[in-house]
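The structure under discussion appears below in the form of structure tokens.
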Amino acid sequence: MRAEAEATTAGERKRPLLLMVGAAARDGARWARRNLYALVVLTPLVAGTSYFGLGRLVEDHPEVSLTPGQSLACAVLVFCALVALSLSRASAEVYHVRRPEFLFDTLPVAADTHLSAALLVRATRGIVVALVALVARQIAGGRLAEAWLAVAVPVFVILLAVAQVFAAVGWIHWGHRRGRASAGVALGALGLCALMGGLLILIIVKPDRVPAWAQVGGGRFVGVTGGALVLAAVLLVVVRRAHERWRAFDMEYARRLREGGRRRRWRLVTTRVLERLVAPTVAAQLARDLRLTVRAFSSAVYVVAGVAALWVVALVAVLTTDVLPAGEASDDWFAATWLPSVLAVKFACAFSVATLGALVPVLVAYQLPHLWLERATGATGAQVWATKLWCARLVAAPAPLVVWAAGALTGRVPFFYVLPLLAECVWLWWLMSTLMGLFAFEMPEQPGLAIVLMLVLGLALGLGTALMWPAGLTLYAFGLRELSARGAARAAYRLRKEAE
């Protein structure tokens, strides 16, 4: 009788889980049918362009090679970015904020079932990341016919899914209770996860760059994969117990955080000030977007801010060491634009602007379910598009000033060229942020793909303009009018689609 009761209980627990997973699958299928053009045409186009572009870049520059320590640091940063970028979405999947599964919260469903469903969704997304890593392995010249890949890839997917859910639960609880002790323990566990995840990324993409101390088990990386699997199992037990204890208390905070952000009295800009810059309707929407950004509407805000800061740190490290050649001293203003130190500042500015501008498609995707509000207020497609255009410009506005100041304070930039360099950095910011703002509504349902598109186009334009700044004048004078018309048309199309 006891065995039958336990079997019945297990079956009752599986039934809600299957219903939740099935609901998520049907919702994804409906989303795919609505966005068939983006999946069938735009996704292969952007992915193919990126694949062949990176492949050609690797083939043309075989001399560029990182040490095992540098490779591990880059892989750890990639894993940290994957976890940080998923905080908002993973928390919505765990607590069902603005998702159809929120109806299950009204039913007698165990907290463990909700967490299991979120883990399955995270694992599905992790499979896509693993496929990208395998493509990167092929670009780097590796072979896919390796037996140990069949072990390393599933372990990486499991570790990534558990780390993302663990970070999301800890993030919500930290925002609710502000417990420093639990936050410290969680950060330590996530740091260990980042190290193991970085090693797994290297094992999958570039195994010859794995440090010697991690090559255990006859070159098959048994120690890393086994350690990562044990770590994932321990974290899974911890997050299940923590989620079961905290869910009832953190649920309301998670909903407030996702729906409107924490109510802080930020006075970054006011609508009255912005009305001097743009039309009143655009100013009201722009003030709202900037306040959402300052309130960190998504964990992507922290990621882009951190990456942009890393570009500044990397610039200072490059300029204060002997990495760059000295270059020939010259008093010619036109020749000074190609000095190695000046080019380094302009390249860092381009990367920083592109990083900050990549936040715009995330904001568009976040606001897409509420786009009917713009239509209800009488906003036109051109006004909605102009809002995101100016948002891209203002969000990326600190980049040229910070990068220029960091480069000038190192003393490696000739004194007579400090002000012209500021003008070039400001020009790079205006040009790149404008181009990235023009494509804000190109792929609103796929922010990840839109980020790739914006980064590729923005960096191509920015780096080319950094080498020859008059080239940007040509595109700005003759190409942006057509792109502006397309951007406004795409925004108007989204408004009409929301009304249907």
Side-chain angles (χ1 to χ4, degrees), residues 28 31-32 35 38-59 66 71-87 89-90 120-146 148-165 167 193-194 196-210 221 224-225 228 232 299-300 303-304 307 354-355 358 361-362 365 443 445-457 459:
W31 178 88
N35 302 279
L39 292 175
V40 176
V41 178
L42 294 180
T43 300
L45 180 63
V46 175
T49 303
S50 304
Y51 175 80
F52 290 110
L54 291 174
R56 183 63 181 271
L57 184 64
V58 172
E59 293 177 358
L66 300 177
S71 301
L72 178 59
C74 293
V76 169
L77 288 176
V78 170
F79 190 88
C80 291
L82 290 173
V83 174
L85 283 171
S86 68
L87 281 178
R89 181 168 290 185
L120 289 176
V121 174
R122 284 289 99 198
T124 305
R125 298 181 184 277
I127 293 174
V128 178
V129 177
L131 292 177
V132 173
L134 292 175
V135 173
R137 174 184 176 84
Q138 190 172 4
I139 292 176
R143 296 186 299 113
L144 298 180
E146 297 286 350
W148 46 266
L149 281 177
V151 178
V153 171
V155 172
F156 170 74
V157 172
I158 294 172
L159 181 64
L160 180 61
V162 174
Q164 288 175 340
V165 173
C193 274
M196 301 302 293
L199 288 172
L200 286 173
I201 291 176
L202 282 185
I203 290 173
I204 297 173
V205 178
K206 199 72 173 175
D208 57 339
R209 291 292 183 270
V210 177
F221 313 109
V224 175
T225 54
S299 59
V303 175
V304 298
V307 174
T355 301
V362 183
M443 290 178 286
E445 300 90 353
Q446 293 182 299
L449 204 59
I451 290 174
V452 175
L453 177 64
M454 288 186 175
L455 289 179
V456 171
L457 295 179
L459 287 176

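Worth saying up front: this structure is predicted, and the values here are computed from it rather than measured. We're numbering straight along the sequence, starting at 1.
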request  = Please report the C-alpha distance between R122 and S86 in whole Å, then the side-chain angles of each, then the deciding distance to 0.1 Å, and finally whether the side chain to side chain contact (heavy atoms under 4.5 Å, CB included) criterion is met.
outcome  = CA-CA 9 Å; R122 284 289 99 198; S86 68; 3.3 Å; yes
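- Applying the side-chain contact (heavy atoms from CB on, under 4.5 Å) test to L120 and every residue at least two apart in sequence or in another chain returns L17, V21.
- With sequence neighbours left out, L72 forms a side-chain contact (heavy atoms from CB on, under 4.5 Å) with V76, L195, L199, L202, P211, W213.
- The distance from the CZ atom of R137 to the CG atom of L134 is 8.0 Å, given to the nearest 0.5 Å.
- Annotation: the span from T225 atom OG1 to I158 atom CD1 amounts to 11.5 Å, rounded to 0.5 Å.
- By the side-chain contact (heavy atoms from CB on, under 4.5 Å) test, A133 is found to be paired with I204, V205, residues two or more places apart in sequence or in another chain being considered.
- For the side-chain contact (heavy atoms from CB on, under 4.5 Å) test, residues two or more places apart in sequence or in another chain that qualify with A228 are V155, L159, M196, L200.
- Nearest heavy atoms, A75 versus G198: CB-O, 3.3 Å.
- A167 and V83 make their closest contact through CB-CG1, 3.6 Å (heavy atoms, listed as atom of the first residue, atom of the second, distance).
- If you take CG on L160 and CD1 on I127, they are separated by 11.0 Å, rounding to the nearest 0.5 Å.
- Nearest heavy-atom pair across V157 and G126 is CG2-O, 3.8 Å.
- Counting all heavy atoms, side chain and backbone alike, A161 lies closest to A123 at CB-N, 3.7 Å.
- Here Q164 contributes atom CD and R125 contributes atom CZ; the two are 9.5 Å apart, rounded to the nearest 0.5 Å.
- Evaluated for a side chain to side chain contact (heavy atoms under 4.5 Å, CB included) with V129, the options V78, L82, I201 yield exactly one hit, L82.
- I203 contributes atom CD1, which lies 9.5 Å from atom CG of L149 (distance to the nearest 0.5 angstrom).
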